[in-house]
Structure formats: C-alpha cells, structure tokens
Amino acid sequence: QNDIMSSVYPDHPTMGVTDRTFPTRPGIYAKTADIIGVDPYYCTGKEDQNLAGVGNMIAQFKELNPNRPVFATLQGFWYKNRGDLRGPTEQEYRNMVWQALCEGIVAIDTYSYTDMKANPWSGKTYEELWEEQATVLQEVDDFEQIILSTLPAPYYETDAEGVRLMSKRYNGKSYLFAVNT
C-alpha cells in the first residue's frame, strides 16, 4: 500500500493504516500519516454484524481525521483463523463498495484475494469469486469520472434509515447515487 500510494502521491510518501479509530485514542497514524486507510469487515455472517457498519466506520474515521484523505480496504474473503462464518456475496460486496463511496473515500482495496481460495462457505471457485468482485469494481470504474468530479452538486438528504447518498455534478448533469444498507 505504501508503494501504491507513493506512486500516486509522490509528494506525500507517508501513510498509516489502522483498523479503526476511537475518540478516546485516535492513534499515532491519525496524527502522522498523509493518507489513512480503514478496514471495515462487516460481512461475517455473525448476528451482531451489520453492513451499515461499513459506512458508519468510515464516517466516524473521517470525522475524527477531517484533514486526511481516507481509503477503505474492504473484506473479500472468509477469515478462517478469526472464526468468521463467511465472506461477502456479490450483492453485499457491491453494497459495501457504494457505502464507502457515498462516505467519500478516495480509493478502494480488497483484502485478500489469495485467502478467497479457502472459502468453503461460498460453493464457488476462486475464479468465480474474483469475477464477482471484478464486476463490482468495473461498475465503479464506469462511473469514475462522475464520482471524482469536484463540481458543485445539488444537496439531498433523506429520513430513511440506512440510506446513504452521494450527489455529483458532471458534464452538465446531476447524479444521485444511493445505497440502502
């Protein structure tokens, strides 16, 4: 990750990655890094997990570190040595990606394709799991110019619980992206 970020931002070679940050102890990386990563792994099949946690964690992270760009490393596998019951389905992965985008992350990563080979929960091959995630990331790539636009856009809000919105303006048109967690 350091190498990737250094190649994209050669004038900002430092980067910190932390799983989460708390108001009572935001961590050394939050104070010293130019670019910060967050790892929201909310799709494990456990009863106490909720996909909305992805957006919530990123929003909290950005609130605690308002002057740092944030990227998200999303879960793409079954973490057998931690005891997670499963990894995300294609629909869940899509939901997590768009939540992260609506929260304003600057980049997406997925950890870890190599661990997906040992996914007994899915009944799918490594190649099928790769294709699912590649499909979602291609959708993001198709909208990349719109997502990265910095033109002033209309403001939208909703009272609907669990809905995350992102509005953008690009090439004379307004776009509204929404995801229901």
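The nearest pair of heavy atoms linking A72 to A100 is CB-CB, 4.4 Å.
With sequence neighbours excluded, the residues forming a side chain to side chain donor-acceptor pair (under 3.5 Å) with Q145 are Y170, listed by chain and number. Listed by chain and number, the residues in a side chain to side chain donor-acceptor pair (under 3.5 Å) with E157 are Y155 (sequence neighbours excluded). Every residue meeting the side chain to side chain contact (heavy atoms under 4.5 Å, CB included) condition with T135, not counting sequence neighbours, appears here in chain and number order: E90, R94, E131, E139. Partners of E128 by salt bridge (charged side-chain N to carboxylate O under 4.0 Å, His left out), not counting sequence neighbours: none found. Contacts of E63 classified as side chain to side chain donor-acceptor pair (under 3.5 Å), with partners at least two apart in sequence or in another chain: none.
Rounding to the nearest 0.5 angstrom, the gap separating the CG atom in N56 from the CG atom in N50 is 7.5 Å. Taking CG from L176 and OH from Y156, the interatomic distance works out to 6.0 Å, rounded to the nearest 0.5 Å. Note that SG of C102 is 4.5 Å distant from CE of M166, once rounded to the nearest 0.5 Å. Here the straight-line distance linking atom CD of E144 with atom CG of L137 works out to 11.5 Å at 0.5 Å rounding. Separation of atoms CD1 (I105) and CD (Q99) is listed at 10.5 Å; rounding is to 0.5 Å. Once rounded to the nearest 0.5 Å, the distance linking CD of Q91 with CE of M96 reads 11.5 Å.
The shortest side-chain heavy-atom distance between V38 and T73 does not fall under the 4.5 Å cut-off.
Every pair passing side chain to side chain donor-acceptor pair (under 3.5 Å) that includes a residue from residues 171-181 is listed here, sequence neighbours excluded: R169-S174.
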Go through the steps for V163 and V179 under the test side chain to side chain contact (heavy atoms under 4.5 Å, CB included), then give the verdict.
CA-CA 6 Å; V163 175; V179 59; over 6 Å; no

Assess the residue pair L74 and Y93 against the criterion (side chain to side chain contact (heavy atoms under 4.5 Å, CB included)); give the C-alpha distance rounded to whole Å, side-chain angles, the decisive distance to 0.1 Å, and a yes or no.
CA-CA 8 Å; L74 298 176; Y93 184 69; 4.2 Å; yes

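Paired with E103 under the rule side chain to side chain contact (heavy atoms under 4.5 Å, CB included), one option of R164, Q60, M57 passes, and it is R164.
At most 12 non-hydrogen atoms from other residues, nucleotides or ligands lie less than 6.0 angstrom from CD of E161.
With hydrogens and angles ignored, the 3.5 Å screen pairs a side-chain donor or acceptor of K168 with a backbone N or O of S149.
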